[in-house]
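Written below as structure tokens is the structure these notes are about.
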Amino acid sequence: MDSKNHSKQKKIAVIGAGAAGLVAAFYALEKGNQVIVFEKNEIAGKKLRITGNGRCNFSNADLSFVHYEHYSDCEGADFPDSNTSEHDLHIISSILEKNGRDEFIAFLNKCGIPSFEKNGYFYPLSERAGELCDLLVKVLRRKGVTFRFGCNVREILRNTDETFNLFGEKYHSLILACGGKAAPSTGSDGGGFKLARSFGHSVSFTYPVLVPLYSDPALLRTVSGVRIKAKAFGIVDGEVLSSDSGEIQFTDTSVSGIPVFQLSRHLTRAIEEKRDVRIRVDVLPDLSKDRTEEYINNRKEALGPVSFEEFFEGIFPKKYYEMLLLRFEEFEKNTRNKDSESVNDFFDLEQREEAFIDFAKNFEFQISGHAGFENAQCTRGGVLLSEMKESLESRLVPNLYIIGEMLDVDGDCGGYNLQWAFSSGKTVGDEV
Ligand SMILES: Cc1cc2nc3c(=O)[nH]c(=O)nc-3n(C[C@H](O)[C@H](O)[C@H](O)COP(=O)(O)OP(=O)(O)OC[C@H]3O[C@@H](n4cnc5c(N)ncnc54)[C@H](O)[C@@H]3O)c2cc1C
């Protein structure tokens with residue numbers, strides 16, 4: 001249908017000019033509707049502009065559903081079906097299947113934005129999220145979308161004929177695309193959840209995810225500034241929940257980097273519940289236990305006679321190695337005091353080297369908190385999918401649609417959340 005075909009034209013309000021809202025507006029307009037986008041900021045996509053360190057990692061080569069799964073929300077959730085029911089799994093996977101990465105790339109191409117893939121991550125060719133956003137708004141305006149910037153929507157009335165009233169005007173359909181609570185300075189401060197609740201929708205507990213985690217400042221000060229390639233394990237009450245590899249970063253107060261962000265998806269709830277949460281950092285992930293002896297012998301042959309401290313020099317960043325050495329000595333002392341039988345182990349040099357490797361592979365940071373929504377990239381939780389149809393139309397209110405981060409869907413770091421914003425936005429834009 002042509003966008004100028006006014007006979008079947010419906011008037012659609014989109015609340016929020018973030019990634020999801022812009023996509024929904026594009027496709028709703030393509031269907032021949034009149035589309036008005038309300039945005040509380042003076043510009044569109046404040047969050048979109050800072051994605052991927054300003055480069056906009058918008059999708060991933062591996063879009064399998066596992067990247068959207070939750071591990072820790074099953075027990076004791078306020079809504080037990082939060083992202084775990086067959087219905088939820090079905091909705092997410094069918095939406096991603098119908099409107100996946102290829103459709104996202106095709107959309108960008110339609111807007112004149114070529115893209116490329118590097119190591120499985122997809123970016124616009126310009127690698128400039130801000131320019132991508134400006135261009136999207138320009139294209140949408142050119143096609144006929146109206147933007148009302150500086151317009152904070154606090155109240156929407158429902159008419160008896162299943163339409164909506166907003167700032168005194170009548171709309172046939174309403175698309176809520178207000179984001180979650182992450183990075184509230186960009187505009188998504190949870191206000192969208194209030195709007196959803198005003199229509200009778202339930203919102204699950206929310207947690208910041210893809211967020212730095214806090215640990216003991218005395219320990220962190222000794223490794224502050226270090227970036228190290230490692231495998232990290234997220235542990236709750238002694239149970240390993242998930243693991244991820246990549247570059248881990250340390251500051252005076254926090255542990256971060258992509259592997260920690262990924263783990264945070266499964267840990268922030270446990271942190272808030274004051275459970276025992278740890279990040280185990282394996283700085284020699286490719287060295288298996290049965291190869292340790294050979295590894296030590298090879299190194300001995302290469303280095304000749306050196307002291308224990310010199311033996312591992314050059315493997316790890318210096319600051320991290322110094323911390324490990326110090327903590328290893330403390331560990332040895334404590335073990336000697338606790339368990340006199342193992343004293344001899346630590347006087348045997350061969351075994352000391354092996355013990356150090358084991359220590360370096362299993363060093364744990366006790367997690368004391370998370371850096372909050374202010375520093376998070378995404379929101380865990382949101383409007384329950386059980387209250388939505390597969391088209392993302394509300395089951396409670398006809399002609400009401402909810403998309404993007406407002407829904408109880410979150411994905412791993414690596415383009416999964418923008419992909420969801422696109423997939424859900426296109427699903428609804430095609431439907432209204
Ligand atoms: C620092 C950072 C980096 C990120 N990097 C990536 C990345 O590289 N790849 C990736 O996939 N994901 C990334 N994300 C996550 C991704 O940006 C979000 O998941 C995605 O933008 C969500 O899109 P959305 O449209 O649902 O919500 P948002 O982008 O939050 O947009 C919602 C919009 O609605 C507006 N709004 C809210 N309430 C109202 C109201 N009542 N009235 C009017 N307007 C309202 C807001 O101002 C906002 O503009 C990153 C996030 C952050 C914070």
Side-chain angles (χ1 to χ4, degrees), residues 13-25 36-60 63 67-68 101 104 121-124 127 129 132-133 136-137 147-156 166-167 174-198 208-212 256 258 261 265 371-380 382-383 392 401-426 428-429:
V14 180
I15 317 299
L22 292 174
V23 171
I36 295 101
V37 179
F38 295 85
E39 167 57 54
K40 61 157 79 155
N41 293 318
E42 295 298 336
I43 53 166
K46 259 186 129 177
K47 187 181 289 171
L48 178 58
R49 290 165 192 273
I50 56 170
T51 55
N53 283 327
R55 293 169 62 214
C56 186
N57 166 211
F58 68 83
S59 189
N60 199 288
L63 278 189
H67 296 285
Y68 293 90
R101 187 183 51 250
F104 202 163
Y121 300 94
F122 285 77
Y123 302 90
E127 294 184 76
L132 171 139
C133 198
L136 289 183
V137 173
F147 284 92
R148 302 234 173 114
F149 288 115
C151 213
N152 191 355
V153 178
R154 291 198 178 86
E155 189 187 39
I156 304 163
L166 185 53
F167 298 118
L174 178 68
I175 304 174
L176 294 182
C178 306
K181 288 181 174 176
S185 60
T186 64
S188 53
D189 56 3
F193 294 144
K194 280 190 198 144
L195 291 176
R197 282 196 185 98
S198 74
V209 293
L210 308 186
V211 65
S256 67
I258 289 175
F261 281 1
R265 289 189 61 226
F373 280 112
E374 290 74 16
N375 301 292
Q377 290 195 2
C378 202
T379 310
R380 157 70 46 95
V383 175
L392 295 181
Y401 298 83
I402 304 180
I403 55 177
E405 208 177 304
M406 272 194 80
L407 292 168
D408 180 19
V409 179
D410 66 280
D412 277 340
C413 202
Y416 295 97
N417 291 300
L418 283 177
Q419 177 66 56
W420 173 251
F422 169 82
S423 303
S424 57
K426 181 170 187 303
V428 165

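Indexing begins at 1, ligand by ligand and atom by atom, following the structure's order. Residues: numbered from 1 along the sequence shown. The analysis underlying the following values was restricted to heavy atoms, covering all of them including side chains, and did not include hydrogens, waters or symmetry mates.
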N152: numbered ligand 1 atoms lying under 4.0 Å from its heavy atoms:
40 (C), 41 (N), 42 (N)
Run down the list K47, E405, R148, K181 and name the one with the heavy atom closest to atom 26 (O) of ligand 1.
E405
Among protein heavy atoms, which lies nearest atom 15 (C) of ligand 1, and at what distance?
Q377 O, 3.4 Å
Please list, in number order, the atoms of ligand 1 under 4.0 Å from a heavy atom of S188.
30 (O)
Ring centres under 6.0 Å, that's the criterion: do F58 and F104 meet it?
yes
Which atoms of ligand 1 are found less than 4.0 Å from any heavy atom of A177?
32 (C), 33 (C), 34 (O)
Determine the sole option in I402, V409, L392 for which the side-chain contact (heavy atoms from CB on, under 4.5 Å) test with S424 is passed.
L392
For A20, atoms of ligand 1 separated by under 4.0 Å from a heavy atom:
25 (O), 26 (O)
In terms of residue, atom name and distance, what is the protein heavy atom nearest to atom 9 (N) of ligand 1?
N57 O, 2.7 Å
How far is atom 44 (N) of ligand 1 from its nearest protein heavy atom, and which residue and atom name does that atom have?
K40 N, 3.2 Å
Distance under 4.0 Å to a non-hydrogen atom of F38: what atoms of ligand 1 satisfy this?
43 (C), 44 (N)
At the 4.0 Å heavy-atom cut-off, does K46 count as touching ligand 1?
no
How are the rings of F149 and F147 set to each other: parallel, tilted or perpendicular (split at 30° and 60°)?
parallel
Quick one: look up the protein heavy atom nearest atom 38 (N) of ligand 1 and list residue, atom name and how far away it is.
C178 CB, 3.5 Å
May I ask you to identify, for A44, whether its side chain, its backbone, both or neither come under 4.0 Å of ligand 1 on a heavy-atom basis?
neither
Among G179, A17, G52, closest by any non-hydrogen atom to atom 28 (P) of ligand 1
G179
Nearest-neighbour protein heavy atom for atom 17 (O) of ligand 1, which is reported as residue plus atom name and distance:
T51 CG2, 3.2 Å
Checking a contact table here: which protein heavy atom is nearest atom 41 (N) of ligand 1, and how many Å away?
V153 O, 2.8 Å
Those atoms of ligand 1 less than 4.0 Å from some heavy atom in G187:
37 (C), 46 (C), 47 (O)
Y416, portion touching ligand 1 at heavy-atom distance under 4.0 Å:
backbone
Which heavy atom of A376 sits nearest a heavy atom of P208, and at what distance?
CB-CB, 3.6 Å
Closest to atom 31 (O) of ligand 1 among protein heavy atoms sits G18 CA, 3.4 Å
Minimal non-hydrogen separation, G414 against N57, with atom names
C-OD1, 2.8 Å
Checking Q377 side chain against L210 main chain: does a donor-acceptor pair fall under 3.5 Å?
no
Answer yes or no: is there a side-chain heavy-atom contact under 4.5 Å between D412 and R265?
yes
Atom 16 (C) of ligand 1 - nearest protein heavy atom and its distance
L418 CD2, 4.0 Å
I'd like to check L63 versus Y416 (side-chain heavy atoms, cut-off strictly below 4.5 Å). Are they in contact?
yes
Report the residue from L418, T186, N41, N417 that forms a side-chain contact (heavy atoms from CB on, under 4.5 Å) with K47.
T186
Atom indices of ligand 1 within 4.0 angstrom of T186 heavy atoms, with elements
47 (O)
Does the side chain of R49 come within less than 4.5 Å of I43's, by heavy atoms?
yes
Which ligand 1 atoms, with their elements, are less than 4.0 angstrom from a heavy-atom of G415?
9 (N), 10 (C), 11 (O)
If we check side-chain contact (heavy atoms from CB on, under 4.5 Å) with S59, which of these qualifies: Y121, Y123, W420, F122?
F122
Taking every heavy atom of G187 against every heavy atom of K40, the minimum-distance pair comes out as O-NZ, 2.8 Å
